[in-house]
Protein chains: 2
Amino acid sequence: MTRSEENYLKAIFHLGNGEAGSISTNAIAEQMDTKPSSVTDMAKKLAEKGLVHYKKYQGISLTDTGTRTALSIIRKHRLWEVFLVKKLDFTWDEVHEVAEQLEHIKSEKLIDKIDALLDFPKYDPHGDPIPTKDGKFMERDKQLLSDMPIHAQGVCVGVKDSSAPFLKFLDKNKIALGNTIKILDKEDFDQSLQILMEGKELRISHQIASNLYVKKND
Amino acid sequence: MTRSEENYLKAIFHLGNGEAGSISTNAIAEQMDTKPSSVTDMAKKLAEKGLVHYKKYQGISLTDTGTRTALSIIRKHRLWEVFLVKKLDFTWDEVHEVAEQLEHIKSEKLIDKIDALLDFPKYDPHGDPIPTKDGKFMERDKQLLSDMPIHAQGVCVGVKDSSAPFLKFLDKNKIALGNTIKILDKEDFDQSLQILMEGKELRISHQIASNLYVKKND
DNA sequence: ATTAAAATTTAGACAAATCTAAAAATAGGT
DNA sequence: ACCTATTTTTAGATTTGTCTAAATTTTAAT
Ligand SMILES: [Mn+2]
Ligand SMILES: [Mn+2]
Ligand SMILES: [Mn+2]
Ligand SMILES: [Mn+2]
């Protein structure tokens, strides 16, 4: 497994949102910031190795082996992100770049020890689930804040956009995962929300609300 | 800096034992487990980048920049080794392979935080000194056990051979860094030693004695 | 000073991962 | 069904790091 192969598998997995299904050459090229012709070349190589299904012009999908491999890289990425935040005081907007490198370190023992050191975390700093060693996924029951009805209450559990600018914006506005949240009012005009977060009132644009995941109280 | 370039700089540094001086193409090739022709190619590239001095047939030596770069990689390697042993319970014979990968992770913040987490260690698990951020080296006053006179006393502080088989052998014989040691007798015939280690008598072959560093008591 | 051995470099090739430009296949609209 | 725009693939080139085999330079011995 080369680093590039691993990155392709991860990209294909993410584009399929975890579900199996054919992904287009162009979509992969865009996600990987490369050219479609490069994707075609790699598709052939990965198909050769039994990691993807590929038929000319028919798109690309992960085999079972490919899915397992992708999940193991995502597991490493997210565990390293937790490590960086919990043990080294990185902020949640700094970890992704470093984790992109650390996820390619080859040592099963290393990642198992990191997992244990962190007390087997279930979610990464952005609220994304950490696959288990055998590739099991524990997706949380969550929904976008923008999809919730007025007066609904819950807890912030994740972000959809995990780009540094968005995360820094959330920090600046004291919006953090784990915070309680209640929708006080929805503005029809621009779909902005008046919310109560940890006891404080706050106005939130639709753009923000559509990138924040909330676990609704029962 | 590519991974390969970094590995060449490290190899050149190690072959020079820290001192500046011209290293032969063949020596580098052997150390890197590659061919002399590949070394020549890389020598040209590194010279181009100002990291080594190189004149055809005249051998290769590090520039100041090259030395600084090599030291920063060695610093990372050794800090990661300490991390693996102290925080993740790796044994000293397991860490090198993983550190070979981790040393290439690019993040100044990461290695500084690891350094702080470990409380700024001065030596790695094999007794080798860890360069400071600005490339300062703190070589310990030590000598090979085989070079010490009879009745000399001291403390084990390092290994010359840090291959897994040797380290495992030391473990098996309860020889660890930090142990007190006294030479009771030297056998002229095979230069083996009768020693007292942490209160226990032990016989040690010349091969072992010539790979163990001891800090002599004053 | 010659000469043979050893070290080093050059020349040419290859694999991996990428690119550009051109060709081929597909999909959609009429 | 036909044409066109889009998508995808192919062909050929490039970069990095490596290799083998041949040529060159250095070294060290006579
Ligand atoms: Mn990430
Ligand atoms: Mn994440
Ligand atoms: Mn090491
Ligand atoms: Mn070491």
Side-chain angles (χ1 to χ4, degrees), chain A residues 1-16 21-63 65-66 69-70 73 100-101 103-106, chain B residues 1-16 21-63 65-66 69-70 73 100-101 103-106:
Chain A
M1 276 275 91
T2 68
R3 172 173 299 218
S4 185
E5 287 170 352
E6 292 184 346
N7 284 334
Y8 272 95
L9 293 180
K10 212 174 36 137
I12 297 165
F13 184 92
H14 281 134
L15 287 166
S22 226
I23 311 295
S24 80
T25 302
N26 275 0
I28 297 168
E30 191 177 353
Q31 168 92 8
M32 305 265 311
D33 202 19
T34 184
K35 302 292 168 183
S37 53
S38 305
V39 176
T40 300
D41 287 346
M42 185 55 84
K44 288 176 188 165
K45 198 200 308 186
L46 292 174
E48 194 69 38
K49 294 194 176 190
L51 294 161
V52 302
H53 300 293
Y54 171 62
K55 278 215 297 264
K56 270 194 201 181
Y57 297 102
Q58 299 304 124
I60 297 155
S61 63
L62 295 174
T63 61
T65 313
T69 308
I73 298 155
E100 284 291 309
Q101 300 179 61
E103 71 189 5
H104 300 291
I105 300 290
K106 275 154 193 62
Chain B
M1 277 275 91
T2 68
R3 171 172 301 218
S4 185
E5 288 169 353
E6 292 184 344
N7 284 333
Y8 272 96
L9 294 180
K10 211 174 37 139
I12 297 165
F13 184 91
H14 280 134
L15 287 166
S22 226
I23 310 296
S24 79
T25 302
N26 275 0
I28 297 169
E30 191 177 352
Q31 169 93 6
M32 304 265 312
D33 202 20
T34 184
K35 302 291 166 183
S37 54
S38 305
V39 175
T40 301
D41 287 346
M42 185 56 84
K44 288 175 187 164
K45 199 198 311 184
L46 293 174
E48 194 69 38
K49 293 194 176 189
L51 294 161
V52 303
H53 300 293
Y54 171 62
K55 278 215 296 269
K56 269 195 203 181
Y57 297 103
Q58 300 304 124
I60 298 154
S61 62
L62 294 174
T63 61
T65 314
T69 309
I73 298 154
E100 284 292 308
Q101 299 180 61
E103 71 189 5
H104 300 292
I105 300 290
K106 277 156 192 62

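Residue numbers begin at 1 in each chain, while the letters A, B, ... track the order of the sequences. Because the structure is a prediction, the values reported are computed rather than measured.
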Taking the nucleotide of DNA chain C with the closest heavy atom to each, which residue, Gly59(B) or Tyr8(A), is nearer the 5' end? Gly59(B)
Looking only at heavy atoms, which two atoms of Ala11(B) and Gln31(B) are closest? And how far apart? CB-CG, 3.7 Å
Got a donor-acceptor pair under 3.5 Å from the side chain of Ser24(A) to the base of dT7(D)? no
base_contact_polar (dT20(C) base, Ser37(A) side chain, donor-acceptor, <3.5 Å): yes
Side chain of [X] only, please: which of [options] is the nearest?
X: Ser38(A); options: dA25(C), dC19(C), dT16(D); answer: dC19(C)
X: Tyr54(A); options: dT10(C), dT9(C), dT9(D); answer: dT9(D)
X: Thr25(B); options: dT8(D), dC19(D), dT8(C); answer: dT8(C)
X: Ser4(A); options: dC19(D), dT18(C), dT26(C); answer: dT18(C)
X: Thr40(B); options: dT8(C), dT18(C), dT10(D); answer: dT8(C)
X: Tyr57(B); options: dT25(D), dT10(D), dC19(D); answer: dT25(D)
X: Thr2(A); options: dT26(D), dT10(C), dA16(C); answer: dA16(C)

Starting from [atom2] on [N], measure out to [atom1] on [X] and report it in whole angstrom.
X: Gln58(A); N: dA27(C); atom1: CD; atom2: P; answer: 7 Å
X: Met42(B); N: dC19(D); atom1: CE; atom2: C1'; answer: 14 Å
X: Asp41(B); N: dT15(D); atom1: CG; atom2: C1'; answer: 13 Å
X: Ile28(B); N: dT18(D); atom1: CD1; atom2: C1'; answer: 16 Å
X: Ile23(B); N: dA7(C); atom1: CD1; atom2: C1'; answer: 15 Å
X: Met32(B); N: dT16(D); atom1: CE; atom2: P; answer: 17 Å
X: Lys35(B); N: dA7(C); atom1: NZ; atom2: P; answer: 14 Å
X: Asn26(B); N: dT26(D); atom1: CG; atom2: P; answer: 15 Å

Short side-chain N/O contact from Lys56(A) to OP1 or OP2 of dT26(C), under 4.0 Å: no
Phosphate contact (dT9(D) OP1 or OP2) by Lys44(A) side-chain N/O below 4.0 Å: no
Are Met42(A) and Ile28(A) close enough that some pair of their side-chain heavy atoms sits under 4.5 Å apart? no
Considering residues, nucleotides and ligands other than Lys106(A), do more than 12 of their heavy atoms fall under 6.0 Å from its NZ? yes
Backbone N/O of Pro36(A) and side chain of Thr25(A): donor-acceptor pair under 3.5 Å: no
Separation between CE (Met32(A)) and OG (Ser4(A)), nearest 0.5 Å, reads 5.5 Å
